[in-house]
Amino acid sequence: TVNSSTQLTVNVSIGDTAATGLRNITIQITGDSGSVTANNAFTVNPKPVVSSTSPSNRGQGATSQVVDVLGNHFVNGAAVTFPGTGITVNSTTFVSATLLRANITIGTTATTGSLTVTVTNPDTGTTTASVYTVNAGPRVDSVTPSSRLQGSAAALVTIDGANFVSGATLSLGAGVNVSSLTV
C-alpha cells in the first residue's frame with residue numbers, strides 16, 4: 001500500500017524454510033524505469049527452538065517454581081507459555097539466546113502428563129515443544145494416629161495417600177516440629 005510519497009506498507013509472509021539473515025529490499029516503480037535497492041535493510045530471524053526444560057516436571061499445586069527453558073534463538077523480551085494447561089507463568093526472564101527462566105504456578109487441577117511449552121520472541125517468532133510434564137499432586141488418604149497429646153515427644157505418624165516423591169516436606173503448623181520425613 002502506498003501511504004504517501006514517503007511511505008509504503010507491505011504485508012510479507014516468511015516461509016519456514018526461508019534462509020535467515022540480512023536481505024536487500026528492491027522497489028520498482030510500475031510504469032516507470034525507476035528503482036531503488038536498500039542493501040541489508042531487512043533481516044529474517046531464525047525461529048526460536050525449545051530443546052528441554054530443567055526441571056522437566058513438577059506436581060499439581062506447585063507454586064513459584066523456577067523452570068529453565070533451554071534451546072536456541074531466544075531474544076530479549078521472549079515469553080514462555082503453557083497454553084491451555086492450568087499453568088500460570090508469573091514471569092519470564094531472558095538469560096541468554098539459549099536460556100529463558102520462567103517462574104510458574106501449577107494449578108491443583110492442571111492437566112497432567114506431557115505438556116507443550118511455547119516460546120514467542122518479540123518479533124512473533126514462535127515455537128512449541130512437548131518437553132514438560134505435570135505430575136499428579138500429592139493426596140492424603142489417612143493419618144495414623146490422627147492425633148497426639150500436647151507435649152508428646154518423638155511421635156511417629158504415618159500418612160497414607162498417593163503421589164508422594166523424594167524430597168517432600170511436611171508442615172503441621174506452629175509448635176509442631178517435624179524432625180524427619182521418609183517417603
Side-chain angles (χ1 to χ4, degrees), residues 16 45-183:
D16 286 339
N45 295 321
K47 287 177 65 172
V49 175
V50 173
S51 57
S52 64
T53 58
S54 178
S56 61
N57 63 78
R58 283 291 181 256
Q60 291 171 316
T63 60
S64 295
Q65 299 295 301
V66 175
V67 177
D68 287 343
V69 179
L70 305 155
N72 285 305
H73 311 301
F74 302 146
V75 297
N76 195 8
V80 174
T81 57
F82 295 77
T85 60
I87 297 176
T88 301
V89 179
N90 304 315
S91 65
T92 302
T93 302
F94 172 80
V95 178
S96 71
T98 61
L99 174 61
L100 297 174
R101 186 158 287 140
N103 181 292
I104 67 171
T105 295
I106 303 171
T108 57
T109 60
T111 304
T112 58
S114 180
L115 303 177
T116 300
V117 177
T118 299
V119 170
T120 304
N121 280 339
D123 65 0
T124 68
T126 300
T127 190
T128 60
S130 294
V131 294
Y132 195 76
T133 301
V134 172
N135 304 318
R139 184 184 78 231
V140 174
D141 294 331
S142 66
V143 178
T144 308
S146 62
S147 65
R148 284 284 190 215
L149 291 176
Q150 188 177 38
S152 295
L156 184 62
V157 176
T158 300
I159 301 168
D160 291 312
N163 306 317
F164 302 140
V165 295
S166 181
T169 61
L170 177 90
S171 172
L172 293 171
V176 180
N177 181 37
V178 177
S179 59
S180 67
L181 183 144
T182 304
V183 176

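The residues of the chain are indexed from 1 along the displayed sequence. All heavy atoms count here, side chains included; hydrogens, waters and symmetry mates do not.
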Under the 3.5 angstrom rule, does the side chain of N163 hit a backbone N or O of G137 as a donor-acceptor pair?
yes
How far apart are the closest heavy atoms of S64 and N103, and which atoms are they?
CA-OD1, 3.5 Å
If you define the side chain from C-beta out and look only at heavy atoms, does anything of F94 sit under 4.5 Å from L100?
yes
Shortest non-hydrogen pair, T116 vs P83, comes out as O-CD, 3.7 Å
How many angstroms lie between atom OG of S179 and atom CG of L181, to the nearest 0.5 angstrom?
10.0 Å
Shortest non-hydrogen contact between P48 and T126, atoms and distance
CD-N, 4.0 Å
Side chain to side chain contact (heavy atoms under 4.5 Å, CB included) between L70 and V50, worked out:
CA-CA 6 Å; L70 305 155; V50 173; over 6 Å; no
Mind listing the closest non-hydrogen atom pair of L115 and T111 along with its distance?
CD1-O, 3.7 Å
Give a yes or no on whether the backbone of T98 and the side-chain of S96 come within a donor-acceptor separation of less than 3.5 Å.
yes
Atom NZ in K47, atom CG in D16: separation rounded to 0.5 Å?
4.5 Å
Hey, could you give me the OG/OH distance between S56 and Y132, rounded to the nearest 0.5 Å?
8.0 Å
Less than 4.5 Å apart, side chain to side chain, heavy atoms only: is that true for I87 and V134?
yes
Would you please test H73 and N45 for side chain to side chain contact (heavy atoms under 4.5 Å, CB included) and show each step?
CA-CA 8 Å; H73 311 301; N45 295 321; over 6 Å; no
Indicate the atoms forming the closest heavy-atom contact of P145 with V157, along with that distance.
O-CG1, 4.0 Å
Measure across G86 and A110 and return the closest heavy-atom pair with its distance rounded to 0.1 Å.
O-CB, 3.9 Å
OG1 of T93 to CG of D68: how many Å apart, nearest 0.5 Å?
10.0 Å
Drop me the distance from I104's CD1 to I106's CD1, to the nearest 0.5 angstrom.
4.0 Å
Test side chain to side chain contact (heavy atoms under 4.5 Å, CB included) on F82 and V117; report intermediate values, then the result.
CA-CA 5 Å; F82 295 77; V117 177; 3.5 Å; yes
Report yes if some heavy atom in the side chain of T92 is under 4.5 Å from a heavy atom in the side chain of F74; otherwise report no.
no
Close side-chain approach of I159 to F164, heavy-atom, < 4.5 Å
yes
Using a 3.5 Å distance criterion without hydrogens, assess whether the side chain of T53 forms a donor-acceptor pair with backbone atoms of V131.
yes
With side chain to side chain contact (heavy atoms under 4.5 Å, CB included) as the criterion, how do V119 and V69 come out once you've worked through the C-alpha distance, each side chain's angles and the decisive distance to 0.1 Å?
CA-CA 9 Å; V119 170; V69 179; 4.1 Å; yes
Checking side-chain polar atoms at under 3.5 Å, does N90 have a donor or acceptor matched by the opposite partner on T105?
yes
